[in-house]
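What follows is a single structure, written as C-alpha cells, with notes after it.
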Amino acid sequence: MGISGVLKACEMAVCLFFIKLFWLAVFEAIPLISSAVFVYYNMQKAVSLKAAFIFFSGMIILAVAGFAFYLLYTQRYSKSMFYLACYKDFTVAEAISESIKRTKEKCADILLFKLGFAPWFLLCLLIFPVFFVVPYYKQSVTCLFLSR
C-alpha cells in the first residue's frame, strides 16, 4: 500500500467530508434561513406564542425531513473508498464518480441496510461492545458492496 495509498485515503476522507458538508448545508438551508429570518422579524415586531410554536414545529419537521434526504442522498458516495482500494490506478475523483454511477438506483437499499445497525450502535452506548459491533458492521457493509 505504501505512503501514496495512505495519502490517497486521506485525500478521499477530506473530499468526502467537504462534499457531505456541502450537501448537509444544501438540505438544511431552508429551515436554517427561515428560522433566522423569523427570529430577526420577531426581534423587530413580536408575534404570538402560538405562531412561534407552529413555525418552529414546522421548521423542526422540515429539518428532520431534510436530514433524512441528506442521509439518502449521501449514500451515493458510500462505495468510493472501496473503489479507491480496489483499483490502485483510480484517482479520488474517479473513485467518487464511479461510486455515484454505480449506486444511483441502490441508495435506499444501502441506507436501510445501514439503519439496521442502529440498535447495535445504540446498545454500544449502554454496554460498550464497540470492539465487536464496529468490525461486524464494516465487514457486513463490505460483503453487501461485494455481493452487488
Side-chain angles (χ1 to χ4, degrees), residues 1-40 42 50-148:
M1 176 150 172
I3 191 74
S4 65
V6 172
L7 290 176
K8 276 175 113 176
C10 290
E11 181 185 356
M12 173 69 79
V14 169
C15 284
L16 288 178
F17 172 77
F18 284 113
I19 289 170
K20 289 179 179 182
L21 186 65
F22 169 76
W23 285 114
L24 181 65
V26 166
F27 283 111
E28 296 297 330
I30 292 174
L32 288 176
I33 292 171
S34 300
S35 297
V37 168
F38 180 79
V39 168
Y40 176 76
N42 198 24
K50 284 184 181 180
F53 178 75
I54 290 171
F55 176 80
F56 282 116
S57 298
M59 288 302 106
I60 289 171
I61 291 170
L62 192 59
V64 168
F67 189 70
F69 281 112
Y70 162 78
L71 287 176
L72 182 65
Y73 193 78
T74 56
Q75 295 308 309
R76 300 174 351 144
Y77 308 110
S78 60
K79 289 186 178 184
S80 56
M81 270 297 194
F82 292 97
Y83 289 125
L84 189 66
C86 289
Y87 303 107
K88 303 293 183 198
D89 57 333
F90 268 24
T91 63
V92 170
E94 290 171 338
I96 290 173
S97 65
E98 187 70 20
S99 176
I100 290 170
K101 185 170 64 173
R102 301 264 178 140
T103 57
K104 275 190 178 180
E105 311 293 318
K106 302 172 185 148
C107 289
D109 294 336
I110 294 169
L111 181 62
L112 288 175
F113 179 80
K114 289 181 176 180
L115 285 177
F117 285 92
W120 286 95
F121 286 115
L122 288 175
L123 190 63
C124 289
L125 296 174
L126 301 174
I127 302 175
F128 199 67
V130 174
F131 300 114
F132 302 107
V133 174
V134 172
Y136 178 67
Y137 168 75
K138 292 203 177 271
Q139 183 63 38
S140 298
V141 170
T142 302
C143 289
L144 173 74
F145 289 164
L146 291 176
S147 69
R148 296 177 189 215

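As a basis for the values below, the full set of heavy atoms in this structure was taken, side chains included, without hydrogen atoms, waters or symmetry mates. We number each residue from 1, following the sequence as shown.
- Note that CG of Leu115 is 10.0 Å distant from CG of Leu72, once rounded to the nearest 0.5 Å.
- Using cut-offs of 30° and 60° on the angle between ring planes, the pair Tyr77 and Tyr73 is perpendicular.
- Note: Leu146 CG to Cys86 SG = 6.5 Å, rounded to the nearest 0.5 Å.
- Atom CE of Met59 and atom OG of Ser57 lie 10.0 Å apart (nearest 0.5 Å).
- For Lys114, the side chain to side chain donor-acceptor pair (under 3.5 Å) criterion is met by Gln75, not counting sequence neighbours.
- No more than 12 heavy atoms of other residues, nucleotides or ligands lie within 6.0 Å of CD1 in Ile30, so this atom counts as exposed by the packing criterion.
- Taken from CG in Leu16 to CG in Leu84, the straight-line distance is 9.5 Å, to the nearest 0.5 Å.
- A donor-acceptor contact shorter than 3.5 Å links the side chain of Ser97 to the backbone of Glu94.
- For the pair Ile110 and Phe145, the minimum side-chain heavy-atom distance is below 4.5 Å.
- No more than 12 heavy atoms of other residues, nucleotides or ligands shown are found within 6.0 angstrom of CH2 on Trp120.
- When all heavy atoms are compared, the tightest approach of Lys8 to Thr91 is CE-CA, 4.5 Å.
- A search for side chain to side chain donor-acceptor pair (under 3.5 Å) contacts involving Tyr83 returns nothing, not counting sequence neighbours.
- Looking at Ser99, its side chain does come within 3.5 Å of a backbone N or O of Arg76 through a donor-acceptor pair.
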Going by atom type alone, with no hydrogens or angles, which donor-acceptor pairs under 3.5 Å involve a side-chain atom of residues 125-143 and a protein atom two or more places apart or on another chain?
{"from": "Ser140", "atom 1": "OG", "to": "Tyr136", "atom 2": "O", "distance (Å)": "2.8"}
{"from": "Thr142", "atom 1": "OG1", "to": "Lys138", "atom 2": "O", "distance (Å)": "2.8"}

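- From Lys20, atom NZ reaches atom CG of Leu71 across 9.5 Å, with rounding to the nearest 0.5 Å.
- To the nearest 0.5 angstrom, Phe22 atom CZ is 9.5 Å from Phe27 atom CZ.
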